[in-house]
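Side chains are part of it too, since the values below use all heavy atoms of this structure and drop only hydrogens, waters and symmetry mates. Order of the sequence lines sets the chain letters (A, B, ...), proteins ahead of strands, with each chain counted from 1.
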There are 2 protein chains.
Amino acid sequence: MTDKTKNNSLNITAVDSSSLVDKVEQTLIDLLISEKLNPGDQIPKELELTEMLGVSRTVIREALNRLKTIGLIESTKRKGSTIKSPDLLFLLKKSLIPNILDQATLKDIFELRLVIEIGMSDLIYNRATPEDIAELEQIVATEPDSPKEVLFDVDHEIKFHGKLYQISGNHTLIDFQTILLPAFRYVYDSGMIESPNHDSKWVSHQDLVKILKDGNANKFRNAMRKHLDRHFKGYFK
Amino acid sequence: MTDKTKNNSLNITAVDSSSLVDKVEQTLIDLLISEKLNPGDQIPKELELTEMLGVSRTVIREALNRLKTIGLIESTKRKGSTIKSPDLLFLLKKSLIPNILDQATLKDIFELRLVIEIGMSDLIYNRATPEDIAELEQIVATEPDSPKEVLFDVDHEIKFHGKLYQISGNHTLIDFQTILLPAFRYVYDSGMIESPNHDSKWVSHQDLVKILKDGNANKFRNAMRKHLDRHFKGYFK
DNA sequence: TATTGGATTATGTCATACATAATGCGTTTC
DNA sequence: GAAACGCATTATGTATGACATAATCCAATA
């Protein structure tokens, strides 16, 4: 009778069900970490790894392929594989296909956008150049004065807020926006969330620009919060 | 004379240098999108794909392996591969190995943490239960009263802020924290950023809890900003 | 000196065979 | 008749050998 046949309170060690490729992948990642390898450094050739780890080239290749997929290495013919500083957001871009994400995650992402835009107010306020502000002014110039008349135009929305991301100067954030966008748009298009209405206290894009120009960091942050308030509705009541 | 031999101003179409696997991968992703497939749906078997796309099983497998790596599919023996709602952050966790990231990205991530923690103040304020607050009070109970005496203890820092992420109720954010953390710690340990000092206007953890309990959303958000101010130093001057 | 044209090397692709886990089904057993 | 067992089936997982292809080096040549 083997341990496997019994599932009661005997001290039975869990069987390692991971595949060979899984193990090799982890081994390689550990190697990258422990050896303190830097971008540009080379890792052993496939055939060398085959010998070192005692598995077939097939397995080595599949494991390397995974590292390649997550952007940790890069391989060229004759040269072999070299370490790379991964583009963190590149992956997200690939895997974030809205119709495949479940609703909970989509909602999380929607919230994430609100969180980020409020939080990055400080970056924006401290980094906006006069040229940036001029550009923002131009973007909002075509908007009607009265909030009541402002339709919710996703494209215009993206243009304005996209510029804000750019002003933040944080490239990871900028990439982030291009990732959040499809999900964001999807949330609206699919009717998960009702298109926002404006009440009288609403802060318009024009107001935001004004405050960015003449206010201070705190004012701008709080104004941004008010601007996004319409999106928060439905979450908190 | 082929187009390839000339590199001057002739109208020369760029050569497609992507590998077969690259193409198959993209083809499969397009398939997922266009066919409006949902999690749980099956995709064709490897051998079927081999016939459909006219490439060897090796290539098919490598492409599938990539989709598996980015969490879009899942494969089991005999059953084949099925679509999966990807865990977005799982990937980041793997590829974010601090010593491999370049400095610029590390700095971006450091900023990102600040952005997120300020921005999620609203989530925290609106979702904190009395039990949450009690727990926070317990965490900060051991801290000295005077800001001046507070040492910068990364572990304690993580404990407190980790609880805040949890209160936010946004699972993507919670995952995010476990990702930002190693990078965050690395930034300090490697001396890229000096360990913060507290000035007299500093808002302590204790202050934050008090405001979360008795203040309002705006006060809490601005307090959080002040609390993190020491980290912002060095960026803006 | 500059260019050309192999030789070399390591990854990329193909083909085939077998191992392994999951599933279903019929047979045995009580 | 129902549970348990064993066997065939199926699709992925692993191993192996062969060849294709791109990048690089180096020697021969003009």
*Could you give the CG-to-P distance, from A:Asn65 to D:dG13, as a whole number of Å?*
14 Å

*Can you check the B:Glu74 CD to C:dA22 P distance for me, whole Å?*
13 Å

*In B/S/- notation, 5' to 3', how is nucleotides 11-18 of chain C contacted by protein heavy atoms closer than 4.0 Å?*
BBBB--B-

*Can you name the residues that form a ring-ring contact (aromatic ring centres under 6.0 Å, His included) with A:Phe160, not counting sequence neighbours?*
A:His205

*Residues two or more places apart in sequence or in another chain: which of them pass side-chain contact (heavy atoms from CB on, under 4.5 Å) with A:Gln26?*
A:Ile29, A:Asp30

*D:dT14 P sits how many Å from B:Ile60 CD1, rounded?*
18 Å

*Residues that B:Arg78 engages under side chain to side chain donor-acceptor pair (under 3.5 Å), provided they are two or more places apart*: none

*side chain to side chain donor-acceptor pair (under 3.5 Å) partners for B:Ser85, two or more places apart*: A:Asp102

_Pairing residues for A:Gln42 by the side-chain contact (heavy atoms from CB on, under 4.5 Å) criterion, not counting sequence neighbours_ = A:Lys45, A:Lys79, A:Thr82

